[in-house]
Amino acid sequence: MVYRERWVLLFLISICIVPNIHAEEMQNEGQWKIRTEISLADTSGNTDIQTISGKLEIKKEGPINRYFLNGRILQVKDRDRETSNKVSSEARWERGITERLFALLSAGYIRDIFSGYEYRLFGGPGMGYTFIDTGVHRLQWLISSIYYHDEFSGEVKGSDDYLAGKTTLKYEWKILENLKFKETLDSYISFKNKDKYFVDSESAIEVKVNKSVSIGINYVVNYQNILPAPGVEHTDTTFLTTLIIDF
């Protein structure tokens, strides 16, 4: 069976197994929350670099169902020459099975021409478990079976379809009442080609100024083992200071 047919079958199965949400569960669902992160940097003189970064998070977390929508953009220009242009979005639904165990279904889109991808589409089901949730420390582990469709950019044209195993580790530490550390580590490997794997890490420190405004420092590392085009580096790193607004 070709990969496209596998994906269609996987999607249909995922839709069929989604349980109905009962009326009493809907009454207990949480409220929608919105978070925006904005970073702007403009240097001139010996260096002439403009950096624009934005992130939008929309979520609703209830005791049974949780919904997450994320979007991100990063654009970097060096003396009016674009050196980075990344756009990504992801939607994820989680449904609690027990107090700590939950099922999930996610789908998303990535555009990153300078890393060799015209675009990447992905989606699939998974499971997650909350190991620690004390109010000070929170540790979650997610494992998913994800289908990817990659369209290459640059000199190497073509596409790749494959099923991958993905694991995600999410950790939060509330150091002080107004100070928090967050780490998200993603790794996934193609079942078709074991040499094709990716590792993504995002570390962040957030300092709350008031109820709605925080200042953040983010360090992001993106690694890909197989290079999709000549001239592409294995590792991308991004360091940003951000203004965070919660609604």
Side-chain angles (χ1 to χ4, degrees), residues 32-61 67-92 106-120 122 138 140 153 168-188 198-224 231-247:
W32 288 103
K33 297 181 180 180
I34 301 175
R35 161 172 283 208
T36 61
E37 298 184 19
I38 303 171
S39 178
L40 301 173
D42 190 346
T43 62
S44 60
N46 293 323
T47 58
D48 187 3
I49 300 175
Q50 296 84 40
T51 302
I52 300 174
S53 175
K55 185 178 179 181
L56 175 66
E57 295 181 353
I58 303 174
K59 66 180 181 179
K60 184 178 182 181
E61 297 180 277
Y67 309 91
F68 303 89
L69 299 171
N70 300 309
R72 176 176 292 183
I73 182 172
L74 172 66
Q75 185 181 52
V76 180
K77 288 186 177 181
D78 187 352
R79 299 188 182 276
D80 295 326
R81 182 177 65 88
E82 196 173 58
T83 59
S84 181
N85 191 330
K86 299 181 181 180
V87 178
S88 65
S89 61
E90 181 181 9
R92 188 174 79 255
S106 64
Y109 166 88
I110 301 171
R111 178 179 172 85
D112 191 358
I113 296 177
F114 290 92
S115 293
Y117 298 97
E118 188 70 29
Y119 66 85
R120 307 180 69 199
F122 63 91
R138 190 179 192 218
Q140 286 185 321
S153 63
T168 301
L169 194 65
K170 302 172 68 176
Y171 173 68
E172 292 186 9
W173 176 21
K174 191 175 181 181
I175 304 171
L176 299 172
E177 192 64 31
N178 65 335
L179 180 63
K180 181 184 291 186
F181 170 78
K182 300 167 68 175
E183 169 66 32
T184 301
L185 180 64
D186 291 314
S187 61
Y188 49 105
F198 302 78
V199 179
D200 300 322
S201 170
E202 180 173 3
S203 306
I205 294 178
E206 298 178 4
V207 180
K208 186 171 285 293
V209 178
N210 55 43
K211 182 179 179 180
S212 301
V213 179
S214 304
I215 301 297
I217 299 175
N218 296 59
Y219 183 66
V220 180
V221 179
N222 304 114
Y223 174 84
Q224 54 180 332
V232 175
E233 300 289 339
H234 285 282
T235 305
D236 276 343
T237 60
T238 306
F239 182 83
L240 295 169
T241 301
T242 60
L243 173 66
I244 303 169
I245 303 175
D246 291 293
F247 299 92

How are the rings of Phe198 and Tyr188 set relative to one another: parallel (under 30°), tilted (30 to 60°) or perpendicular (over 60°)?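 Taking Tyr188 first and then Phe198, their aromatic rings lie parallel (interplane angle under 30°).
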When you look at CD of Glu82, are more than 12 heavy atoms from neighbouring residues, nucleotides or ligands closer to it than 6.0 Å?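 For Glu82, atom CD is crowded (more than 12 foreign heavy atoms under 6.0 Å).
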Is the number of heavy atoms from other residues, nucleotides or ligands within 6.0 Å of CH2 (Trp32) greater than 12?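 Yes - once you tally the heavy atoms of other residues, nucleotides and ligands closer than 6.0 Å, there are more than 12.
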Side chains of [X] and [Y], heavy atoms from C-beta outward: is any pair under 4.5 Å?
{"X": "Asp236", "Y": "Thr238", "answer": "no"}
{"X": "Lys86", "Y": "Phe114", "answer": "no"}
{"X": "Ile52", "Y": "Ile73", "answer": "no"}
{"X": "Asn178", "Y": "Val209", "answer": "no"}

Can you name the ring pair (Phe, Tyr, Trp, His ring centres under 6.0 Å) partners of Phe68, sequence neighbours left out?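 If we apply the ring pair (Phe, Tyr, Trp, His ring centres under 6.0 Å) test to Phe68, skipping adjacent residues, there are no hits.
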For Ser39 and Ser53, indicate whether the former's side chain and the latter's backbone hold a donor-acceptor pair under 3.5 Å.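 It does not hold such a pair.
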Are any side-chain N or O atoms of Arg111 and backbone N or O atoms of Glu118, one a donor and one an acceptor, separated by less than 3.5 Å?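 Judged by distance alone, yes, a pair lies under 3.5 Å.
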Distance-only donor-acceptor check, side chains Ser115 and Asn222, under 3.5 Å: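 No donor-acceptor contact under 3.5 Å links the two side chains.
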Distance in Å, [X] [atom1] paired with [Y] [atom2], rounded so as to fall on 0.5 Å steps:
{"X": "Lys182", "Y": "Ile205", "atom1": "NZ", "atom2": "CD1", "answer": "12.5 Å"}
{"X": "Thr242", "Y": "Asn218", "atom1": "OG1", "atom2": "CG", "answer": "4.5 Å"}
{"X": "Arg138", "Y": "Lys180", "atom1": "CZ", "atom2": "NZ", "answer": "9.0 Å"}

Sequence neighbours excluded, which residues qualify as side chain to side chain contact (heavy atoms under 4.5 Å, CB included) partners of Phe239?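 For Phe239, the residues satisfying side chain to side chain contact (heavy atoms under 4.5 Å, CB included) (neighbours in sequence not counted) are Ile217, Tyr219.
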Residues that Glu57 engages under salt bridge (Lys or Arg N to Asp or Glu O under 4.0 Å), provided they are two or more places apart: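 Glu57 satisfies salt bridge (Lys or Arg N to Asp or Glu O under 4.0 Å) with Lys55 only.
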Residues Lys170, Glu183: salt bridge by 4.0 Å N-O rule: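 Looking at Lys170 and Glu183, the cut-off is not met.
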